[in-house]
Amino acid sequence: MSEIQPSSRGVNGSRRRVAVVFGGTSSEHGVSCLTAAGVLSALDRDRFDVVGIGITRTGRWILVDPETISRLGVTDGKLPELGENAAEAVLMRVSSGSELAVREQSALSHLGPVDVALTLLHGPFGEDGTIQGLFEMMGTRYVGAGVLASAVGMDKHYMKLVLAASGLPVGPFVPITPAEWRRDKTACLEATAALHYPVFVKPSRGGSSLGISKVDDPAQLEEAIQVAQAYDPKIIVEQGFVGARELECGVLADLDGGPPLASVVAEIRVHSKSGFYDFEAKYLPEEQVDLDVPADVRPELASQVQELAARTFDAIGCEGLARVDMFVTHEGDVVINEINTMPGFTAHSMFPRMWAASGVSYPELVERLITLALRRPVGLR
Ligand SMILES: Nc1ncnc2c1ncn2[C@@H]1O[C@H](COP(=O)(O)OP(=O)(O)O)[C@@H](O)[C@H]1O
Ligand SMILES: [Mg+2]
């Protein structure tokens, strides 16, 4: 792996200014706040000047000072949440890129340029290309995948189409759009008849396993579809892989433009009642799940998973980072489940743990992502 270059100094020797963008309107608001606190503790403040942009639950952009971000944590078993009553953060397009200002009452105070945005948002309106599009329009460099890769990575239906068209292994699936469901429910249910049970019914653009059901019996299918539709009007029904192993692999873009780099492979072993990696298993007590970093797999399987992860990253057109999740079926076939373009990113999350086990510490990881973003041009690339 190549050295991380200390390219954090601006041309005039000043520290590069990083806007840490966190919170957000999705169900992962609190997790994003914890991630921001973790990232702040890892950022070298001698090299990077940090400004915090919090997005409240209602979608307001507010200025949050770095010390406040560092203190965000779980209190009385509750995840942190940004208050609504703070001065508004305003991002403005200027000829050289973008600038940040703060608006209090109606007075606007300029805070100077933003060199790079480090968005730590998960789910819709964070990981799906929308905020990435805003940064493109604003001329702001940002960490991670661009507009198209973010949008494709978020939508399980299009993700599978792109991967399959690139010759990558995905399981059988049937998408159901809200228009199709409105027009003819019976035809939608019939379209899934070729899938073997159990099937998994998912919101197409969901995360954290919210709205996902494992369905053992066709009589329960319609109800599961309605559960998923509460999270996203577009849903996907997938063939279930019974007794499959769940492996994950972290991918990082190469600093010098070489092929993407894959981390050690990790395994998730779930013992939850639902029998899959559901919301409770992801966020509640550890007894439900064992996380093996690295996974206990044969070297050939590890290499296969790493190669598929890097090819998935390229097929989607990812930049920066991604976590690719796979199943190894009972028969030993490797199938790609999904790509996450903004994977969980606290120091204890799988992505940083897989990279730590591969020799890239959490602070190095954060710095590498910022360096990658600073190096890439704005606009079409
Ligand atoms: N086709 C499938 N076969 C078996 N298990 C599945 C399948 N799809 C999902 N799962 C289980 O559900 C979990 C969540 O599904 P996933 O597609 O990763 O959704 P999310 O984007 O919410 O993480 C997976 O980690 C896995 O445990
Ligand atoms: Mg997942």
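Every number for a ligand or one of its atoms is a count from 1 in the order of the listing. Since we're looking at a predicted model, the values are computed, not measured.
- Backbone and side-chain nitrogen or oxygen atoms of Lys282 are examined, and one is located within less than 3.5 angstrom of a nitrogen or oxygen of ligand 1.
- For atom 19 (O) of ligand 1, the choice among Val201, Ile212, Val199 with the nearest heavy atom turns out to be Ile212.
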Derivation and outcome, side chain to side chain contact (heavy atoms under 4.5 Å, CB included), residues Val335 and Met326: CA-CA 6 Å; Val335 178; Met326 299 176 215; over 6 Å; no
Step-by-step salt bridge (Lys or Arg N to Asp or Glu O under 4.0 Å) determination, Asp155 to Lys160: CA-CA 9 Å; Asp155 189 323; Lys160 284 175 204 287; over 6 Å; no
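- Judged by the shortest distance from any of its heavy atoms, Asp325 lies outside the 4.0 Å radius around the atoms of ligand 1.
- Phe276 CZ: more than 12 foreign heavy atoms inside a 6.0 Å radius.
- Atom 14 (C) of ligand 1 has its closest protein heavy atom at Ser209 OG, 3.3 Å.
- For atom 16 (P) of ligand 1, the nearest non-hydrogen atom of the protein is Asn337 ND2, 3.6 Å.
- Under the 3.5 Å distance criterion, with hydrogens and angles disregarded, no donor-acceptor pair is assigned to the side chains of Ser272 and Glu280.
- Neither the backbone nor the side chain of Val270 comes within 4.0 Å of ligand 1, counting heavy atoms alone.
- Ranking protein heavy atoms by distance to atom 24 (C) of ligand 1, first place goes to Glu246 OE1, 3.4 Å.
- The nearest heavy-atom contact from the protein to atom 1 (N) of ligand 1 is Gln239 O, 2.8 Å.
- Not a single heavy atom of Gly171 sits less than 4.0 Å from an atom of ligand 1.
- In terms of protein heavy-atom proximity, atom 9 (C) of ligand 1 is closest to Lys202 NZ, 3.2 Å.
- Side-chain atoms of Ser26 come within 3.5 Å of backbone atoms of Glu28 as a donor-acceptor pair (strictly under, hydrogens ignored).
- Atom CG of Asp217 has more than 12 heavy atoms from other residues, nucleotides or ligands within 6.0 Å.
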Verdict with supporting geometry, Phe200 and Phe173, ring-ring contact (aromatic ring centres under 6.0 Å, His included): CA-CA 9 Å; Phe200 279 77; Phe173 66 95; over 10 Å; no
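- Of all the atoms in ligand 1, the ones that sit under 4.0 Å from a non-hydrogen atom of Lys156 are 17 (O), 19 (O), 20 (P), 21 (O).
- Shortest distance from the Mg ion (ligand 2) to Glu338 is reached at OE2 (N/O/S atoms only).
- For ligand 1, the atoms lying closer than 4.0 Å to a non-hydrogen atom of Glu238 are 1 (N), 8 (N).
- Because its NZ or CZ atom is both nearer than 6.0 Å to the ring centre of Tyr142 and within 45° of the ring axis, Arg376 counts as a cation-pi partner of that residue.
- Nearest protein neighbour of atom 7 (C) of ligand 1, counting heavy atoms only, is Phe327 CZ, 3.4 Å.
- Regarding atom 3 (N) of ligand 1, its nearest protein heavy-atom neighbour is Phe241 N, 2.8 Å.
- Proximity of Arg205 to ligand 1, defined as any heavy-atom pair under 4.0 Å, is not found for any part of the residue.
- Between Val215 and the choices Val199, Ile225, Val227, Leu195, the side chain to side chain contact (heavy atoms under 4.5 Å, CB included) rule is met once, by Val199.
- Side-chain N/O atoms of Ser150 and Glu127 include no donor and acceptor closer than 3.5 Å.
- Few gaps surround CE on Met92; more than 12 heavy atoms of other groups in view lie less than 6.0 Å from it.
- For atom 2 (C) of ligand 1, the nearest non-hydrogen atom from the set Phe200, Phe276, Tyr231 belongs to Phe200.
- Atoms of ligand 1 found under 4.0 Å from any heavy atom of Gly240, numbered from 1 in the order shown, are 1 (N), 2 (C), 3 (N).
- Residue Gly207 has at least one heavy-atom neighbour below 4.0 Å for each of these atoms of ligand 1: 21 (O), 22 (O).
- Remark: distances from the non-hydrogen atoms of Lys214 to ligand 1 are all 4.0 Å or more.
- In this structure, Ala244 falls outside the shell of residues with a heavy atom less than 4.0 angstrom from ligand 1.
- Regarding atom 13 (C) of ligand 1, its nearest protein heavy-atom neighbour is Tyr277 O, 3.6 Å.
- Remark: the backbone N or O of Ser358 is not paired with any side-chain donor or acceptor of Ser263 at under 3.5 angstrom.
- By the 6.0 Å contact criterion, OH on Tyr197 is enclosed, its count of non-hydrogen atoms from other residues, nucleotides or ligands being greater than 12.
- The ring of Phe345 has its center closer than 6.0 angstrom to the ring center of Tyr362.
- Remark: ligand 1 atoms within the under-4.0 Å shell around heavy atoms of Ser208 are 22 (O).
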